[in-house]
Amino acid sequence: MTVRTRFAPSPTGYLHVGGARTALFNWLYARRHGGKFILRIEDTDEKRNTAEAHQVIYDGLKWLGLDWDEGPDMGGDYGPYRQSERSEIYAKYLARLEAGGHVYEDGGSIRFRSPRKPVVLEDMVCGRIEFDMSNPATHPDMTIRRPDGSFIFHFVNVVDDIEMKLTHVIRGEDHLSNTPKHIELYNALGEKPPVFGHIPLILNHEGKKLSKRDGGSSITYFMEHGYAPEAVANYLCLLGWSPGENREKLSMEEILALFDIDKINRRNAIFDLDKCFWLNGQHILSMSFERFVELAKPFVEKAGISYGSEAALLAALTIVKPKVKHLSDVPDWIGFLFTEEFTFDPEAVEKSLKKAGAAGRLQALIAALTKVEDWSHASLEAALKDTATTLGVKTGELVHPARVAVSGRSVGPGLYEMFVVLGKERTLARFARAALMAAA
RNA sequence: GACCCUAUCGUCCAGCGGUUAGGACACUGCCCUUUCACGGCGGUAACACGGGUUCGAAUCCCGUUAGGGUCGCCA
């Protein structure tokens, strides 16, 4: 039997990180077991069902590196993959329930009559759980169809999972309490329930279910704020799961090799943006230059930086990669390399350029750099350090004003790297301008 | 309220009957250094509580407390 898992989001217009993690775990499970991963859109609630809302889901999943074998955009043997297009199927299943005497009408809607027998769930993550269904007050007969003929989540979800031959249902723990209802439905339909796995929830800093309002709760946030998909996927996996050996940073390939659904713990996790951010820096640091270019370039283009030639852009990206932490910071970190119109950070000017003696030190540096023939990192470093020795000052006294002189700011790529990328002429011109500012 | 799940540093994750309770983020001290970063060496910081079981419990059992989830004609 081939493993078949699914991600079944509702098109709400944004992809929740919790949903993304659910998708990730389902994808991982399918891929690990040579199975299929299916995307199904649960859009029975028509009012929030738009093409853009679908696109957000596709974009988010693709961005994370998740691919699906069957879905609304590509079809498959068990479609359609949008619930809004599956009404006849639901009607057919409702007829089966009616024939079995499992439903009754209540004020125009149709309810499923619970057998009121204990339900036992063998959950991949939570283990064996027995539910007492005897109290109608806490386990009322669920509505499965509204008076207007539309169907309710619990019913369509089960029907679709049956129809699409899903073998494993991995979902958030918020569904754990709903599961006995679903199992009753499977039983009434004479179908074998899939294997369930309820994963712990992602909570915000208040310890509540992470909601739309919380910063960083949607995948779009990470896409826009310069996170690498592999870093976010890595972080999401670490919530509730550990590869062992105190490992933190893992590639998708490594995760795929190590991930195991029954090693997921059962406690909810609080989303920590700090750690995700750190992991992002780690991934950027160790990713290939090609990958970095691929991820950083869209941000550069979007910022409208006229970088001239491709070679010039690559040179700039090279010196920035070892230090930048957010891909979205790249435009800011390279912009000054391509224009003389860059802005000076007033605070940096005040602190470094206007510092007593800075003007004189810059002049000394100009004199020394002018004499440098071989405009290389090593020669430039030697020249600057010699100057510092001659002047009897710490290298920092030259480095700080020099950095502000060529970039206008106190943070950025390595100093000599910037000199090299700018070239001798532009570097010295910027120094001359800065010396004027320092003297003013 | 009923039912279900959970309980180790502030946060995430190790631990699976015998450990000086470990790693990571964050915070912080020192070193390196060319700012920021990176890196290196340290530090602060945890087994919710009470009963059992056992020679021995963070680990197993029960209870309490706390937190989360579900109880929709949302998904």
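Protein chains get the first letters and strands the later ones, always in sequence-line order, with residue 1 at the start of each. The structure displayed is predicted, hence computed values, not measured ones.
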Undergrad: Roughly how far apart are A:Ile255 CD1 and A:Phe25 CZ, rounded to 0.5 Å?
TA: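 Taking CD1 in A:Ile255 and CZ in A:Phe25, the distance rounds to 9.0 Å.
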
Undergrad: Just by distance, with hydrogens left out, do A:Thr12 and A:Lys212 show a side-chain donor and acceptor under 3.5 Å apart?
TA: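 Side chains of A:Thr12 and A:Lys212: no pair found under 3.5 Å.
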
Undergrad: Does B:C13 have OP1 or OP2 under 4.0 Å away from a side-chain N or O of A:Asn265?
TA: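 It does, given that an N or O in the side chain of A:Asn265 lies less than 4.0 Å from OP1 or OP2 of B:C13.
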
Undergrad: Look at all strands and tell whether A:Thr395 reaches a base, only sugar-phosphate, or nothing, counting heavy atoms closer than 4.0 Å.
TA: sugar-phosphate

Undergrad: Check A:Arg86 with A:Asp43, please: is the shortest side-chain N to carboxylate O separation under 4.0 Å?
TA: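 A salt bridge is absent here (no side-chain N lies under 4.0 Å from a carboxylate O).
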
Undergrad: Sticking with atom P, work out how far B:G69 lies from B:U28, rounded to a whole angstrom.
TA: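 The answer is 32 Å between these two P atoms.
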
Undergrad: Toward the 5' end of RNA chain B, which comes first, A:Ile264 or A:Ser410, by nearest nucleotide?
TA: A:Ile264

Undergrad: Closest nucleotide of RNA chain B for A:Cys126 versus for A:Gly240: which of these residues is on the 5' side?
TA: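 Residue closer to the 5' terminus by nearest nucleotide: A:Cys126.
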
Undergrad: Just compare B:G68, B:U34, B:U11 and give me whichever is closest to any side-chain atom of A:Asn268.
TA: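 Nearest to the side chain of A:Asn268 among the choices is B:G68.
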
Undergrad: To the side chain of A:Leu285, which of B:C38, B:U35, B:U34 is closest?
TA: B:C38

Undergrad: Base, sugar-phosphate, or nothing for A:His205, non-hydrogen atoms under 4.0 angstrom?
TA: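 The residue A:His205 makes no contact with any strand.
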
Undergrad: For B:C38 versus B:G29, give the span between their P atoms, rounded off to a whole number of Å.
TA: 15 Å

Undergrad: Please work out if A:Gly207 contacts a base, only the sugar-phosphate, or nothing of the nucleic acid, heavy-atom cut-off 4.0 Å.
TA: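 Result for A:Gly207 = sugar-phosphate.
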
Undergrad: Looking at the side chain of A:Val399, which of B:C12, B:C36, B:U34 is the nearest nucleotide?
TA: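 Looking only at heavy atoms from C-beta outward on A:Val399, the closest nucleotide is B:U34.
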
Undergrad: The side chain of A:Lys209 is closest to which nucleotide in this list: B:C25, B:U34, B:U70?
TA: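 It is B:U70.
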
Undergrad: Nearest to the side chain of A:Asn135 - B:U34, B:C13, B:A2?
TA: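 The answer is B:A2.
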
Undergrad: With a non-hydrogen cut-off below 4.0 angstrom, is A:Ser242 in contact with a base, only sugar-phosphate, or nothing?
TA: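 Here A:Ser242 touches the backbone only, sparing every base.
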
Undergrad: Parallel, tilted or perpendicular: which fits the ring planes of A:Phe222 and A:Tyr227, with parallel below 30° and perpendicular above 60°?
TA: perpendicular

Undergrad: Between B:G69, B:U34, B:A75, spot the one nearest the side chain of A:Glu381, thanks.
TA: B:U34

Undergrad: Return no unless some side-chain N or O of A:Thr143 is found under 4.0 Å from OP1 or OP2 of B:C73.
TA: yes

Undergrad: How about A:Thr179 and A:His198: does a side-chain donor come under 3.5 Å of a side-chain acceptor?
TA: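 Present: a donor and an acceptor within the cut-off.
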
Undergrad: Is there a Watson-Crick or G-U wobble partner for B:A48 with both distances under 3.5 Å, and which nucleotide is it?
TA: B:U64

Undergrad: Please pick, from B:C73, B:U34, B:C5, the nucleotide with the shortest atom-to-atom distance to any side-chain atom of A:Pro147.
TA: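 Among B:C73, B:U34, B:C5, the one nearest the side chain of A:Pro147 is B:C73.
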
Undergrad: Please classify the nucleic acid contact of A:Tyr416 as base, sugar-phosphate, or nothing, using heavy-atom distances under 4.0 Å.
TA: base

Undergrad: Has the side chain of A:Glu248 got a donor or acceptor that lies under 3.5 Å from a partner of the other kind on the base of B:G23?
TA: yes

Undergrad: I'd like to know if A:Glu340 and A:Arg426 make a salt bridge, using a cut-off of under 4.0 Å between side-chain N and carboxylate O.
TA: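 The answer is yes: the pair qualifies as a salt bridge.
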
Undergrad: Identify which nucleotide among B:C5, B:C71, B:U34 has an atom closest to any side-chain atom of A:Asn178, counting heavy atoms from C-beta outward.
TA: B:C71

Undergrad: I want to verify a distance call: between B:U6, B:C25, B:C36, whose nearest atom is closest to the A:Arg267 side chain?
TA: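 Out of B:U6, B:C25, B:C36, the nucleotide with an atom closest to A:Arg267's side chain is B:U6.
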
Undergrad: Mind checking A:Leu415 for me? I need base, sugar-phosphate or nothing, with any heavy atom below 4.0 Å counting as a touch.
TA: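 Answer is base: heavy atoms of A:Leu415 come under 4.0 Å of a base.
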
Undergrad: Can you find a side chain N or O atom of A:Thr44 that sits less than 4.0 Å from OP1 or OP2 on B:A75?
TA: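 The answer is yes; a side-chain N or O of A:Thr44 sits under 4.0 Å from OP1 or OP2.
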
Undergrad: Would the base of B:U35 count as contacting A:Arg403 through its side chain, where contact means a donor and an acceptor less than 3.5 Å apart?
TA: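 Side chain to base: pair found, below 3.5 Å.
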
Undergrad: How is A:His377 classified with respect to the nucleic acid when contacts are heavy atoms under 4.0 Å: base, sugar-phosphate, or nothing?
TA: base

Undergrad: Quick one: label A:His154 by what it contacts on the DNA or RNA (base, sugar-phosphate, nothing), any heavy atom closer than 4.0 Å.
TA: base

Undergrad: Is A:Lys263 near enough to B:C13 that one of its side-chain N or O atoms lies under 4.0 angstrom from OP1 or OP2?
TA: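 Answer is no, no contact under 4.0 Å.
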
Undergrad: Students often get this wrong, so: under 4.0 angstrom with heavy atoms, is A:Pro401 touching a base, only sugar-phosphate, or nothing?
TA: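 Nothing, no heavy atom under 4.0 Å.
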
Undergrad: Between B:G22 and A:Asn246, counting only base atoms on the nucleotide and side-chain atoms on the residue, is there a donor-acceptor pair under 3.5 Å?
TA: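 Yes.
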
Undergrad: Tell me what A:Lys385 touches on the nucleic acid: a base, only sugar-phosphate, or nothing, going by heavy atoms under 4.0 Å.
TA: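 Sugar-phosphate contact only - A:Lys385 comes under 4.0 Å of backbone atoms but never of a base.
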
Undergrad: Quick check for you: among B:G69, B:A24, B:C5, whose closest atom lies nearest to any side-chain atom of A:Lys275?
TA: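 Nearest listed nucleotide: B:A24.
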
Undergrad: Please determine whether a side-chain nitrogen or oxygen atom of A:Arg111 lies at a distance below 4.0 Å from atom OP1 or OP2 of B:C73.
TA: yes

Undergrad: Could you verify whether a donor N or O on one side chain and an acceptor N or O on the other, from A:Arg146 and A:Ser109, lie under 3.5 Å apart?
TA: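 Their side chains do not contain a donor-acceptor pair, so the 3.5 Å distance test is not met.
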
